[in-house]
Amino acid sequence: MGVYSDKNVVITGGGNGLGFAMAKLLVDDGARVMITGRSQATLDAARERLGDNALAVRGDVSAVSDLAALADRVRDEFGTVDALFVNAGIAALTPFESTTEQMYDELFAINVKGAFFTVQKLAPLLNTGAGVVLTTSNANTIGVLESSVYSAGKAALRSFARTLSRELISRGIRVNAISPGPIDTGILEATMTAAAAERFKAERVADNPMRRFGTPEEIARAAIFLAFEATYTTGAELVADGGATQL
């Protein structure tokens, strides 16, 4: 019997990166976990690695119809949910002068609209005492070059942690945010040229008091703490960034 053997968990963006690290730790401790993502191939690979206690559902969080379908699937498979990790998101450099309307809309549709409606559609299934954890970023408090749109979206999620906490507190549901700094998930290499990714990493490491990137597992542990252990905490943001915004 694991620590979370009686818990049902939903993780959006759970096929790789931070979401997969969350899913792996929870499954290993006995939880039943449903992960979502846009790539069926990524989900299939994650499901294979996670084992029988994991379910994978393809969907796009920017499509409210997909989120409604996700809620139906969660109801059918789990009935109720003990923890919801609102982790799906994209990161892209958006230089101020060359940011297009399409780039702006895509970032906000996935990172902001998607997060809001994920909580809205799954809230009816959350148990009393459930924890919701939004993945923000330390970019929501500092000025990161070429990241104005991404940073603004993450600042919106920080606000959601407060306002959705107020909306759901009467049901005993807590909403908090995990705010990572530079984490080595492979997303930089997937969204930038190799040279740009290397330059960005070097700059972040040089600016970081701990002189390193964090690991997905370090963020996952902090997020799981917020979901299950921080029972007198709501509306808060736990910053896990090597001290970058604190020192």
Visitor: Does a side-chain heavy-atom distance below 4.5 Å link Glu77 with Met34?
Guide: yes
Visitor: How far apart are the C-alpha atoms of Val64 and Lys121, what are their side-chain angles, what is the distance that settles it, and do they pass the side chain to side chain contact (heavy atoms under 4.5 Å, CB included) test?
Guide: CA-CA 9 Å; Val64 177; Lys121 296 305 179 186; 3.5 Å; yes
Visitor: If you define the side chain from C-beta out and look only at heavy atoms, does anything of Glu106 sit under 4.5 Å from Ile90?
Guide: yes
Visitor: With a 4.5 Å cut-off on side-chain heavy atoms, are Thr163 and Ser159 touching?
Guide: yes
Visitor: Heavy atoms only: give me the nearest Leu226-Ala177 pair and the separation to one decimal.
Guide: CD1-O, 3.4 Å
Visitor: Considering only heavy atoms from C-beta outward, does the side chain of Leu84 approach that of Leu126 to under 4.5 Å?
Guide: yes
Visitor: Minimum heavy-atom separation for Asn208 and Gly242, please, with both atom names.
Guide: OD1-O, 3.3 Å
Visitor: How long is the gap from OG on Ser179 to CG on Leu134, to the nearest 0.5 Å?
Guide: 11.0 Å
Visitor: Determine yes or no for a side-chain-to-main-chain donor-acceptor pair under 3.5 angstrom, with Ser151 supplying the side chain and Ser148 the backbone.
Guide: no
Visitor: Search all heavy atoms of Ala31 against all heavy atoms of Val9 and return the closest pair with its distance.
Guide: CB-CG2, 4.2 Å
Visitor: If I take atom CZ from residue Arg221 and atom OG1 from residue Thr215, how far apart are they, to the nearest 0.5 angstrom?
Guide: 6.5 Å
Visitor: How many angstroms lie between atom CD1 of Ile35 and atom NZ of Lys24, to the nearest 0.5 angstrom?
Guide: 12.5 Å
Visitor: Using a 3.5 Å distance criterion without hydrogens, assess whether the side chain of Thr12 forms a donor-acceptor pair with backbone atoms of Ala88.
Guide: yes
Visitor: Yes or no on side chain to side chain contact (heavy atoms under 4.5 Å, CB included) for Ser137 and Tyr150, after CA distance, side-chain angles and deciding distance?
Guide: CA-CA 9 Å; Ser137 167; Tyr150 172 79; 3.7 Å; yes
Visitor: Okay, side chain of Asn8, backbone of Gly79: is any donor-acceptor separation there less than 3.5 Å?
Guide: no
Visitor: Assess the side chains of Asn140 and Glu237: does a donor N or O sit below 3.5 Å from an acceptor N or O?
Guide: yes
Visitor: Would you say the side-chain atoms of Arg174 pair up with the backbone N or O of Val132, donor to acceptor, closer than 3.5 Å?
Guide: no
Visitor: Measure the spacing between CD1 of Ile183 and CZ of Phe213 and express it to the nearest 0.5 Å.
Guide: 8.0 Å
Visitor: Side chains of Thr128 and Arg171, heavy atoms from C-beta outward: is any pair under 4.5 Å?
Guide: no
Visitor: Are Val112 and Leu18 joined in one hydrophobic group, where the rule is that I, L, V, M, F, W and Y side chains link up if heavy atoms are under 4.5 Å apart?
Guide: no
Visitor: Tell me whether Leu107 shares a hydrophobic cluster with Ile142, the cluster being built from Ile, Leu, Val, Met, Phe, Trp, Tyr side chains joined at under 4.5 Å.
Guide: no
Visitor: With a 4.0 Å cut-off on N to O distance, would you call Asp76 and Arg73 a salt bridge?
Guide: no
Visitor: Does any part of the side chain of Arg47, heavy atoms only, come nearer than 4.5 Å to the side chain of Asp52, both counted from C-beta?
Guide: yes
Visitor: Distance check, rounded to the nearest 0.5 Å: Thr135 atom OG1 versus Phe85 atom CZ?
Guide: 9.0 Å
Visitor: Testing the basics here: between Leu43 and Thr36, what is the closest heavy-atom pair and its distance to 0.1 Å?
Guide: CD2-C, 3.6 Å
Visitor: Looking at CG of Asn87 and CD1 of Ile178, how far apart are the two atoms once the value is rounded to the nearest 0.5 Å?
Guide: 10.5 Å
Visitor: If we ignore hydrogens and angles and just use 3.5 Å, is the side chain of Thr245 paired with the main-chain N or O of Asn138 as donor and acceptor?
Guide: no
Visitor: Scan the side chains in residues 55-62 for donor-acceptor partners under 3.5 Å anywhere in the protein, sequence neighbours excluded, and list what turns up.
Guide:
residue, atom, partner, partner atom, Å
Arg58, NH1, Arg38, O, 3.4
Asp60, OD1, Ser62, N, 2.9
Asp60, OD1, Ser62, OG, 2.8
Asp60, OD2, Ser62, OG, 3.2

Visitor: Side chain to side chain contact (heavy atoms under 4.5 Å, CB included) between Phe228 and Asp82: does it pass, once the steps are laid out?
Guide: CA-CA 8 Å; Phe228 289 105; Asp82 300 293; 4.3 Å; yes
Visitor: Can you confirm whether Thr136 sits close enough to Val239 that some side-chain heavy atom of one is under 4.5 Å from a side-chain heavy atom of the other?
Guide: no
Visitor: Quick one, Thr94 and Ser147 - any side-chain contact, counting heavy atoms below 4.5 Å?
Guide: no
Visitor: Taking it one step at a time, do Leu125 and Leu122 satisfy side chain to side chain contact (heavy atoms under 4.5 Å, CB included)?
Guide: CA-CA 6 Å; Leu125 304 178; Leu122 291 178; 4.2 Å; yes
Visitor: When you group the ILVMFWY residues by side-chain heavy-atom contacts below 4.5 Å and let the links chain together, are Leu157 and Tyr104 in the same group?
Guide: yes
Visitor: Any idea which heavy atoms bring Met22 and Ala223 closest together, and the distance?
Guide: CE-CB, 4.0 Å
Visitor: In this structure, are over 12 heavy atoms from other groups packed under 6.0 Å from Glu198 atom CD?
Guide: no
Visitor: Leu164, Val81: one ILVMFWY side-chain cluster at the under-4.5 Å cut-off?
Guide: yes
Visitor: State, to 0.1 Å, how close Gly15 and Ala46 come at their nearest heavy-atom pair, and which atoms those are.
Guide: O-CB, 3.5 Å
Visitor: Salt bridge check, Asp29 against Lys7: does any charged N sit closer than 4.0 Å to a carboxylate O?
Guide: no
Visitor: Regarding Asn127 and Thr80, is there a side-chain donor-to-acceptor distance under 3.5 Å anywhere?
Guide: yes
Visitor: Would a single hydrophobic cluster contain both Leu168 and Leu67, if residues Ile, Leu, Val, Met, Phe, Trp and Tyr are joined by side-chain heavy-atom contacts under 4.5 Å?
Guide: yes
